[in-house]
> 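I have a structure I would like to understand better, so I am pasting it below and will then ask my questions one at a time.
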Amino acid sequence: TKFIVGIRHPVLWMESFFNFRIQNLGSDAGRMPPPQRLRGPCRKGMFNVCTARAQFHVHLAKLGYTNLATPAERQWFAKSTLPSPMASSSQAWKAPLFLYEVSQLTPSKENSSPFWSDLLSFLSLNP
């Protein structure tokens, strides 16, 4: 089994999610706080839109894809979201991981990464 995970840049994800909620709240849209008040953990009245939900690194760490043994790595986690390091390698997710950011799906002048060839190689497929 191989694990392919696509993520969106956290700022773009937050912007998109905020706009999605505004469009779908109907008559409650006026009750949505401005983006500046949506920083940190979700609280009542935020309609589940908050910056804490864009902490994708926390979930990857919980699967065991991040070495949390070093202070350099642990610095990126708030104390409340810091998962405990995997007690043994048997607890870590064993599947190989291919992690990409969704802008890699559309090559541009700024983004000339070999995404598709890397993905084919990861899946052991011939071009």
Side-chain angles (χ1 to χ4, degrees):
T1 302
K2 294 184 177 185
F3 200 33
I4 300 172
V5 176
I7 60 172
R8 194 165 189 192
H9 186 285
V11 173
L12 298 175
W13 177 87
M14 180 70 181
E15 176 185 35
S16 176
F17 193 42
F18 177 83
N19 290 334
F20 172 80
R21 285 288 199 229
I22 290 292
Q23 289 180 342
N24 290 286
L25 283 174
S27 61
D28 287 334
R31 294 181 29 222
M32 173 66 88
Q36 301 85 336
R37 293 194 32 228
L38 300 173
R39 286 182 277 188
C42 287
R43 295 178 299 279
K44 187 174 180 177
M46 290 181 157
F47 300 94
N48 277 332
V49 179
C50 62
T51 57
R53 295 196 63 194
Q55 295 177 343
F56 308 126
H57 61 291
V58 172
H59 305 290
L60 291 172
K62 286 180 179 179
L63 289 172
Y65 286 110
T66 303
N67 179 1
L68 296 175
T70 66
E73 189 65 32
R74 294 172 77 84
Q75 73 177 338
W76 302 110
F77 294 85
K79 290 193 188 312
S80 62
T81 62
L82 183 62
S84 58
M86 295 293 169
S88 70
S89 60
S90 65
Q91 290 179 297
W93 189 267
K94 299 285 188 192
L97 172 69
F98 185 87
L99 180 67
Y100 69 94
E101 198 278 325
V102 294
S103 68
Q104 291 178 281
L105 295 172
T106 309
S108 65
K109 290 180 184 176
E110 298 82 30
N111 173 17
S112 60
S113 71
F115 172 79
W116 294 107
S117 60
D118 288 350
L119 180 59
L120 287 173
S121 175
F122 177 76
L123 296 172
S124 302
L125 298 173
N126 295 323

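As the structure is a computational prediction, the values presented were derived from the model and not from experiment.
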> What pairs with Phe20 under ring pair (Phe, Tyr, Trp, His ring centres under 6.0 Å), at least two apart in sequence or on another chain?
none

> Would you give the length of the straight line joining atom OG of Ser103 to atom CG of Leu105, rounded to the nearest 0.5 angstrom?
8.0 Å

> Could you tell me the separation between the CG atom of Leu123 and the CD1 atom of Ile4, rounded to the nearest 0.5 Å?
4.5 Å

> Any chance you could measure Leu125, atom CG, to Ser117, atom OG, to the nearest 0.5 Å?
12.5 Å

> For the pair Phe98 and Phe115, evaluate ring-ring contact (aromatic ring centres under 6.0 Å, His included) and give the outcome as yes or no after the intermediate values.
CA-CA 10 Å; Phe98 185 87; Phe115 172 79; 5.8 Å; yes

> Take Cys42 and Arg53, measure what side chain to side chain contact (heavy atoms under 4.5 Å, CB included) needs, and give me the verdict at the end.
CA-CA 8 Å; Cys42 287; Arg53 295 196 63 194; 3.7 Å; yes

> Residues in side-chain hydrogen bond (donor to acceptor under 3.5 Å, both in side chains) with Asn19, at least two apart?
none

> According to the side chain to side chain donor-acceptor pair (under 3.5 Å) rule, which pairs have a member within residues 21-35, sequence neighbours left out?
Asp28-Arg31

> Among all residues two or more places apart in sequence or in another chain, which pass the side-chain hydrogen bond (donor to acceptor under 3.5 Å, both in side chains) test with Arg39?
none

> Which atom pairs, donor and acceptor, lie under 3.5 Å between side-chain atoms of residues 10-18 and protein residues at least two apart or in another chain?
unit_1: Ser16; atom_1: OG; unit_2: Arg8; atom_2: NH1; d: 3.1

> Please output the side-chain donor-acceptor pairs of residues 44-52 that fall under 3.5 Å, not counting sequence neighbours, one pair per line with the distance.
unit_1: Thr51; atom_1: OG1; unit_2: Gly40; atom_2: N; d: 2.6

> Taking only residues two or more places apart in sequence, or in another chain, which ones meet Leu99 in a side chain to side chain contact (heavy atoms under 4.5 Å, CB included)?
Val5, Ile7, Leu60, Leu97

> Who pairs with Pro71 by side chain to side chain contact (heavy atoms under 4.5 Å, CB included), at least two apart in sequence or on another chain?
none

> To the nearest 0.5 Å, how far apart are OH in Tyr100 and CG in Leu119?
8.0 Å

> Quick check for you: to the nearest 0.5 Å, what is the distance between His9 atom NE2 and Phe56 atom CZ?
10.0 Å

